[in-house]
Novice: 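Take a look at this one; I'll ask things after.
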Amino acid sequence: MTFKHNFKKVLSATAFAAALVVAPAANVSAATNDASSTQQSATATSQDQQASQDQAASQSSAANQSSSTSTSSATSTSTVKKVAKKTKKTSKKKAVKKVAKKTTKKKATKKAKKTSKKSTKKTTKKTTKAATAAVTASADQSQATDQQDDAAKKAAEAAAKKAAAAKKAAAKKKAAAKKKAAAKKAAAKKKAAARKKAAAKKKAAQKSAEKTAKYWIAMRELGGYYTARNGSCYGRYQLLISYLGGDLSKKNQERTADRYVYGRYGSWVNAKRFWLAHNWY
């Protein structure tokens with residue numbers, strides 16, 4: 001047990017000294033941890049060797065115990081040197097790897113930052129370009145829309161103006177037609193009035209002619225007396241007494257004479273013509 005305890009102390013001290021010699025001042029803590037790990041490894045190895053030695057010692061005689069102890073010490077020293085050398089190499093390799101890893105990481109980080117900055121700059125440039133293009137396109141579209149609106153407004157105004165002119169022309173035409181119709185109607189009315197007047201005048205003239213012809217015949221028939229008698233004829237117009245139907249009044253004589261003349265000659269004027277041709281009617 002004493003040998004085992006002493007061997008541990010020697011191994012720990014040797015490993016720690018080797019770690020301090022090899023590792024840089026900035027990495028003392030890391031080297032210490034590596035030395036501790038190596039020490040644990042060496043301890044495990046030492047324990048295995050110790051077990052073998054204990055087994056060998058139990059089989060040997062007590063007389064060879066001192067010699068075995070010396071041999072074990074020499075072997076332990078050699079092992080410690082090998083372990084220290086191996087630990088030195090491992091620590092150096094680890095330190096180099098760590099520095100290389102840090103350098104690589106630093107370079108990668110720097111490169112990533114540079115790439116990110118470049119990408120950001122490129123993206124910003126693209127975004128700015130796209131935004132500028134979008135603004136330009138929007139402005140062009142707005143201008144085109146304004147032009148379309150102006151064109152539509154002008155077209156609407158022209159259409160409204162044209163419609164107003166057409167409406168005005170239609171109203172004027174309608175007014176002219178109405179005026180013409182009114183004038184035509186007035187002319188027709190005037191013409192009708194003239195015709196009516198002419199007809200009335202003609203009628204008045206005919207009436208006057210009838211009255212004159214009637215009077216002329218009455219005067220040729222025994223002087224035109226209502227009581228004049230010539231055989232079977234009686235009165236102002238010398239009608240057959242049978243025509244009067246027993247009524248010898250003036251009114252009946254006038255009525256009966258008109259009925260007879262209009263029925264036979266159509267008018268007193270025609271009756272007068274007949275009388276002039278035949279001396280009777």
Side-chain angles (χ1 to χ4, degrees), residues 111-219 236-237 250-277 281:
K111 190 176 181 180
K113 283 182 178 180
K114 194 175 181 181
T115 305
S116 177
K117 192 175 181 181
K118 194 173 181 181
S119 178
T120 305
K121 194 174 180 181
K122 196 173 181 181
T123 305
T124 306
K125 194 174 180 181
K126 282 184 178 180
T127 306
T128 307
K129 193 175 181 180
T132 306
V135 170
T136 306
S138 178
D140 292 340
Q141 188 175 3
S142 178
Q143 188 177 1
T145 305
D146 292 340
Q147 289 177 354
Q148 288 178 356
D149 291 341
D150 290 340
K153 191 176 180 180
K154 285 181 180 179
E157 286 176 356
K161 196 173 180 181
K162 192 175 180 181
K167 191 176 180 181
K168 191 176 180 180
K172 193 174 180 182
K173 191 176 180 181
K174 191 176 180 181
K178 193 174 181 180
K179 191 176 180 181
K180 190 177 180 180
K184 193 175 180 181
K185 191 176 180 180
K189 194 174 181 181
K190 192 176 180 181
K191 196 173 181 180
R195 280 199 304 266
K196 190 176 180 181
K197 190 176 180 180
K201 192 175 180 180
K202 188 178 179 181
K203 191 175 181 181
Q206 285 177 353
K207 191 174 181 181
S208 179
E210 286 289 297
K211 190 176 181 180
T212 301
K214 189 176 182 181
Y215 180 77
W216 186 88
I217 289 173
M219 290 300 104
R236 183 179 175 86
Y237 302 99
K250 294 179 181 180
K251 190 175 183 179
N252 189 46
Q253 285 184 39
E254 291 288 337
R255 185 170 52 242
T256 303
D258 286 337
R259 187 168 58 246
Y260 168 76
V261 169
Y262 284 116
R264 183 166 182 169
Y265 301 106
S267 67
W268 283 98
V269 174
N270 292 336
K272 180 182 178 181
R273 284 198 199 99
F274 188 85
W275 201 99
L276 287 170
Y281 76 103

Novice: Determine the interplanar angle of the Tyr281 and Tyr260 rings, folded into 0 to 90°, and report it as parallel if under 30°, tilted if 30 to 60°, perpendicular if over 60°.
Specialist: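 Plane angle over 60°, so perpendicular.
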
Novice: Minimum heavy-atom separation for Thr256 to Asn252, with atom names?
Specialist: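 Looking at all heavy atoms of both residues, the shortest contact is OG1-O, 2.7 Å.
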
Novice: Take the angle between the ring planes of Trp216 and Trp275 and call it parallel below 30°, perpendicular above 60°, tilted in between.
Specialist: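 Ring orientation, 0 to 90° scale: perpendicular.
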
Novice: Looking at every heavy atom in both Val261 and Ser267, which two are closest together, and how far apart are they?
Specialist: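 Heavy atoms of Val261 and Ser267 come nearest at CG1-O, 3.3 Å.
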
Novice: Taking Thr212 for its side chain and Ser208 for its backbone only, find out whether a donor-acceptor pair lies under 3.5 Å.
Specialist: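 At least one qualifying donor-acceptor pair exists.
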
Novice: Say you draw a straight line from NZ of Lys196 to NZ of Lys189; how long is it, rounded to the nearest 0.5 Å?
Specialist: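 If we round to the nearest 0.5 Å, Lys196:NZ and Lys189:NZ are 10.5 Å apart.
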
Novice: Could you grab the distance from atom NZ of Lys174 to atom NZ of Lys167, nearest 0.5 Å is fine?
Specialist: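 Interatomic distance, Lys174 NZ to Lys167 NZ, rounded to 0.5 Å: 11.0 Å.
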
Novice: Any chance OH of Tyr262 has more than 12 other-residue heavy atoms, nucleotides or ligands included, within less than 6.0 Å?
Specialist: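 Yes, enclosed.
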
Novice: Show the nearest heavy-atom pair for residues Tyr265 and Asn270, with the distance to one decimal.
Specialist: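 The pair with the smallest heavy-atom distance is O-ND2, 3.0 Å.
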
Novice: Would you check if the side chain of Glu210 reaches a backbone N or O of Val269 as a donor-acceptor pair within less than 3.5 Å?
Specialist: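 Yes, Glu210 side chain to Val269 backbone: donor-acceptor pair under 3.5 Å.
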
Novice: In sequence, state the C-alpha distance, the side-chain angles, and the governing distance for Trp268 and Tyr237, and then conclude on ring-ring contact (aromatic ring centres under 6.0 Å, His included).
Specialist: CA-CA 12 Å; Trp268 283 98; Tyr237 302 99; 5.5 Å; yes

Novice: Can you tell which of Lys214, Gln253, Lys250 makes a side chain to side chain contact (heavy atoms under 4.5 Å, CB included) with Arg236?
Specialist: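 So the option named by the test is Gln253.
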
